[in-house]
Amino acid sequence: VCFTKRMLHCEQIMIKLMQKNYASWMIWLLLLSSGMITAQSQASVQGVVREAGGEAVMFANCIVYSTADSSILKATSPDELGQYVLPGLSGGRYWLEVSYVGLEPYRSAVFELLSAEEKSLPDIVMSPATASLAEVTVTARKPIVEMRSDMTVFNVDAMPTASGNN
């Protein structure tokens, strides 16, 4: 009799634990599904950046701006194939700017993004920058007087009289 009472008591405890565990699993399931619904309601922009010759422009700056206040919302760089993805945007009006050293900057037209939309923009073809330096000359001169921790050095060859007028 004592053994069967203990078995019934253990069964009741197990049932209560399973019910509590079931409730906690349901709570976790609801939290996860609400997070997934929120994640699914976010929009994204994607596309490809290429040079005029067709080569992918890797590691350019791709920045999405809001038309409401011109603030930067997201930024990324294209991968080795020139493909970029800017996820986590909400519905609204935006424009895209792409820049890379040695290439002319690109600015897209304003586009509308709906909630949960995955928008593919047309391929961006960047042309070489027209302004470039032809030559750079770097000139250095020794100072006439150098103050070091243990001595003062006078550089005689740096003085204007050292060149002479012979």
Side-chain angles (χ1 to χ4, degrees), residues 27-166:
I27 291 171
W28 279 110
L29 184 62
L30 286 172
L31 288 173
L32 283 174
S33 63
S34 67
M36 289 171 26
I37 290 169
T38 305
Q40 289 175 353
S41 67
Q42 293 180 343
S44 66
V45 174
Q46 58 191 7
V48 177
V49 182
R50 301 193 185 285
E51 286 187 50
E55 288 185 37
V57 179
M58 298 181 286
F59 314 115
N61 299 314
C62 298
I63 304 169
V64 171
Y65 292 87
S66 170
T67 58
D69 57 2
S70 299
S71 62
I72 296 174
L73 296 179
K74 290 278 183 179
T76 191
S77 295
D79 60 12
E80 296 83 21
L81 302 173
Q83 299 173 343
Y84 64 91
V85 178
L86 292 152
L89 297 169
S90 57
R93 295 172 51 86
Y94 306 102
W95 82 82
L96 176 75
E97 280 189 10
V98 181
S99 62
Y100 189 76
V101 176
L103 299 174
E104 289 291 330
Y106 168 84
R107 181 175 174 167
S108 74
V110 173
F111 57 89
E112 184 84 27
L113 202 64
L114 303 175
S115 194
E117 180 183 8
E118 292 182 9
K119 187 171 206 73
S120 291
L121 295 178
D123 286 5
I124 298 168
V125 179
M126 299 183 76
S127 57
T130 55
S132 61
L133 295 175
E135 183 179 327
V136 176
T137 305
V138 178
T139 307
R141 293 185 183 168
K142 280 186 177 181
I144 295 174
V145 179
E146 290 181 52
M147 301 297 288
R148 297 189 181 166
S149 61
D150 58 340
M151 68 178 111
T152 303
V153 177
F154 291 95
N155 293 315
V156 177
D157 56 334
M159 292 183 179
T161 57
S163 62
N165 289 335
N166 295 351

Supply the atom-to-atom distance [X] [atom1] to [Y] [atom2], rounded to the nearest 0.5 angstrom.
X      : Y      : atom1 : atom2 : answer
Leu96  : Ile63  : CG    : CD1   : 8.5 Å
Glu51  : Tyr100 : CD    : OH    : 7.5 Å
Arg50  : Met126 : CZ    : CE    : 13.5 Å
Glu104 : Ser99  : CD    : OG    : 11.5 Å
Ile144 : Phe154 : CD1   : CZ    : 10.5 Å
Gln46  : Leu121 : CD    : CG    : 8.5 Å

Would the number of heavy atoms belonging to other residues, nucleotides or ligands and lying under 6.0 Å from CD of Glu118 be above 12? no
Grab the two heavy atoms, one from [X] and one from [Y], that are nearest each other, plus how far apart they are.
X      : Y      : value
Leu114 : Glu117 : N-OE1, 2.8 Å
Val85  : Thr76  : O-CG2, 3.7 Å
Val98  : Cys62  : CG2-SG, 4.0 Å
Leu103 : Pro128 : CD2-CA, 3.8 Å
Arg93  : Glu112 : CG-OE1, 3.0 Å
Pro87  : Ser44  : CA-CB, 3.7 Å

With heavy-atom distances below 4.5 Å as the criterion, would you say the side chains of [X] and [Y] are in contact?
X      : Y      : value
Asp123 : Val48  : yes
Val45  : Leu113 : yes
Tyr84  : Val57  : no
Val145 : Thr152 : yes

Tell me whether [X] contacts the main-chain N or O of [Y] through its side chain, where contact means a donor paired with an acceptor under 3.5 Å.
X      : Y      : result
Asn155 : Pro143 : yes
Ser77  : Ala60  : yes
Ser108 : Trp95  : no

List the steps, then state whether side chain to side chain contact (heavy atoms under 4.5 Å, CB included) holds for Lys74 with Leu89. CA-CA 8 Å; Lys74 290 278 183 179; Leu89 297 169; 3.6 Å; yes
Would you call the rings of Phe111 and Tyr94 parallel, tilted or perpendicular, where under 30° means parallel and over 60° means perpendicular? tilted
Decide yes or no on side chain to side chain contact (heavy atoms under 4.5 Å, CB included) for Glu97 and Tyr65, but give the supporting numbers first. CA-CA 8 Å; Glu97 280 189 10; Tyr65 292 87; 3.7 Å; yes
